[in-house]
Amino acid sequence: MSMPYDRVKLARDNKRPTGLDYIRNLFTDFVEMHGDRYYGDDPAIVGGIARLGENPVTVLAMEKGHTAKERTRRNFGAPHPEGYRKALRLMKQAEKFGRPVICFVDTSGAYCGVGAEERGQGCAIAQNLLELSTLCVPVISIIIGEGGSGGALALALADRVWMLQNAVYSVISPEGCASILWKDSAKAAEAASSLKLTAEDAKSLGIADKILSEKELGKQEFYCRIRMLLARQLQELEEDAELVSKRYDRFRKLGTGEESQ
Amino acid sequence: MALINFLKPKNQLEEGGRTAAPVQQDAGEPEKKCPNCHKEIPLSRLWANHLVCPCGYHFRMKARQRIQMLADKDSFQERDGSWKRGNPLGFPGYQEKMETAQVASGEEEAVICGTARLGGYPCCLFVMEPYFMMGSMGSVVGEKITRLFEYAVDHQLPVIGFTVSGGARMQEGLLSLIQMAKTSGAVKRHSDAGLLYIAVLTDPTTGGVTASFAMEADILLAEPGATVGFAGARVVEQTTQKALPKGFQKAEFVLEHGFLDAIVSRGSQKKVLTQLLSLHAKGGPI
Ligand SMILES: [Zn+2]
């Protein structure tokens with residue numbers, strides 16, 4: 001078993017499949033949709049409509065890019081408010097047409113910039129959480145690399161949250177945690193252990209439902225396996241008349257503490 | 001920060017904690033230096049003015065103090081006050097940090113929830129506590145706020161919330177993060193029930209609290225000069241390597257960019273909130 005900080009490094013490896021790799025390999029007929037209809041289009045979140053097998057689905061993916069040039073263009077997968085608003089627009093569209101939503105989460109976090117703040121980064125994430133909590137179609141989120149804090153959660157308030165075996169999901173980066181708590185970012189490895197951010201941790205906390213093996217990662221067998229899992233899961237969720245209230249209960253029971261006496 | 005001493009019961013004054021350094025005193029009346037106008041203001045004068053300097057600077061205020069200022073006399077009834085704290089991930093040093101925070105704030109956790117009347121109008125009220133780990137949100141904070149919104153739905157009550165927070169509490173890891181989802185779900189149910197939620201953002205409201213229930217209200221108010229944002233200003237500066245614009249993330253800046261309904265100074269808050277409650281009330285005051 002590797003150390004949690006090794007997982008963080010693996011999750012950040014730019015050779016890992018990114019959001020667009022999943023879109024290209026899992027779905028057919030993908031049509032990309034751009035723009036938030038308010039301000040711009042955020043290349044850090046890719047959205048569109050595609051088929052999973054025969055069925056139309058709405059797909060949202062954070063995209064980090066592989067090469068230096070791509071990574072710069074995608075802002076290293078750190079979304080601006082426009083990305084979250086585009087995602088919300090496409091989720092509401094999915095609801096209108098009765099399509100399930102599948103999200104691929106891979107970000108170190110929502111972008112920390114002047115423009116992002118000026119255009120309401122916090123507000124954009126909050127609106128996604130609010131609307132996702134009652135969206136009337138099935139939502140499945142897969143954390144494929146980094147699940148960085150609120151910026152990741154904005155696409156992960158879902159009926160099912162799955163994580164790749166070496167993906168991580170955390171309230172703060174281990175470096176950030178170490179520098180705030182111990183004024184020493186070199187203690188990131190220690191912080192990574194304390195934060196309980198691995199897929200196994202998230203599963204044991206009830207935050208992730210399933211861990212996806214990385215056997216044959218990026219190969220056709222790998223995508224084929226995930227495609228089958230998604231199809232089966234969507235069928236189950238689509239037949240569930242209490243989908244929305246179960247989604248509420250799923251998050252309601254997490255981290256409750258307890259009443260004294 | 002030394003002002004905290006003045007706000008606490010006397011028997012807690014000598015206890016430790018970063019916020020509990022003794023107030024500087026001359027022979028005369030204790031004074032507090034205003035970071036805005038740099039004048040020494042007598043504490044009694046600050047007190048009489050809800051901890052607002054004559055120059056308009058709003059000092060940080062303890063949650064109980066706010067409740068006393070806002071709620072009609074004897075109307076506040078606390079809910080879930082004894083919710084038990086824990087260290088669910090066994091995070092090193094967390095238990096000690098919470099104990100220090102308890103001494104510094106005189107509170108069990110970073111939010112106080114309950115029911116109250118404002119100008120005769122019944123409502124649910126939550127007020128976050130700056131002196132408990134800077135109002136950070138862990139399981140207990142998220143749970144208490146969620147329970148308050150659920151109670152408000154069951155009793156058809158509006159919710160008024162005063163936020164102050166450094167964000168999600170990192171010592172509870174993912175369990176803190178997930179409170180953003182949990183509270184958002186509860187706010188949405190309250191909203192879908194046609195009920196009113198007013199948030200008053202106070203200094204500072206940042207991180208995971210901004211990105212969840214703070215920004216989800218029907219009506220968003222803020223105190224003058226309050227920092228309201230998602231990322232910390234220092235992080236933004238480090239990330240972008242550029243100087244920040246003037247007034248960045250201050251309430252006035254956020255209002256100008258369209259993310260607040262109004263800035264309301266402390267002295268007017270009760271009046272404005274009562275007015276808003278009355279504009280949404282089906283019945284009159286009781
Ligand atoms: Zn002053």
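Throughout, protein chains are lettered first and strands after them, A, B, ... in sequence-line order, and every chain is numbered starting at 1.
A side-chain donor-acceptor contact under 3.5 Å links Lys182(B) to the backbone of Gly255(A).
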Subject >> Working for side-chain contact (heavy atoms from CB on, under 4.5 Å), residues Val114(A) and Val236(B) >> reply: CA-CA 7 Å; Val114(A) 172; Val236(B) 174; 3.9 Å; yes

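If you measure heavy-atom distances from Leu129(A) to chain B, the contacts under 4.5 Å come from both the backbone and the side chain. For Ala214(B), no part sits under 4.5 Å from any heavy atom of chain A, backbone or side chain. Both the backbone and the side chain of Leu130(A) come within contact range of chain B, each with at least one heavy atom under 4.5 Å from a heavy atom of that chain. Contacts of Ser170(A) with chain B are made by backbone atoms alone, with heavy-atom separations under 4.5 Å and no side-chain atom involved. Contacts between Leu195(A) and chain B at a heavy-atom distance below 4.5 Å involve backbone atoms as well as side-chain atoms. Interface residue Leu254(A): backbone and side-chain heavy atoms are both found under 4.5 Å from chain B. There is no contact between Glu237(B) and chain A, counting heavy-atom distances below 4.5 Å. Both the backbone and the side chain of Ser245(A) come within contact range of chain B, with heavy atoms under 4.5 Å apart. Both the backbone and the side chain of Ala202(A) come within contact range of chain B, with heavy atoms under 4.5 Å apart. When heavy atoms are compared at a cutoff of 4.5 Å, Lys97(B) approaches chain A solely by way of its side chain, counted from C-beta outward.
If you check the side chains of Ser133(A) and Lys188(B), you find no donor sitting under 3.5 Å from an acceptor.
The two residues Glu118(A) and Pro245(B) come nearest to each other via the heavy atoms OE2-CG, 4.2 Å. The minimum heavy-atom distance between Gln121(A) and Phe230(B), with the atom names listed, is CG-CD2, 3.6 Å.
A salt bridge is defined here as a Lys NZ or Arg NE, NH1 or NH2 lying under 4.0 Å from an Asp or Glu carboxylate O, and Glu258(A) with Arg85(B) fails to meet this definition.
For the atom pair OG (Ser149(A)) and CE (Met180(B)), the distance works out to 6.5 Å, reported to the nearest 0.5 Å.
Annotation: maximal heavy-atom pairing with chain B below 4.5 Å, among Thr256(A), Ile172(A), Ile207(A), occurs at Thr256(A).
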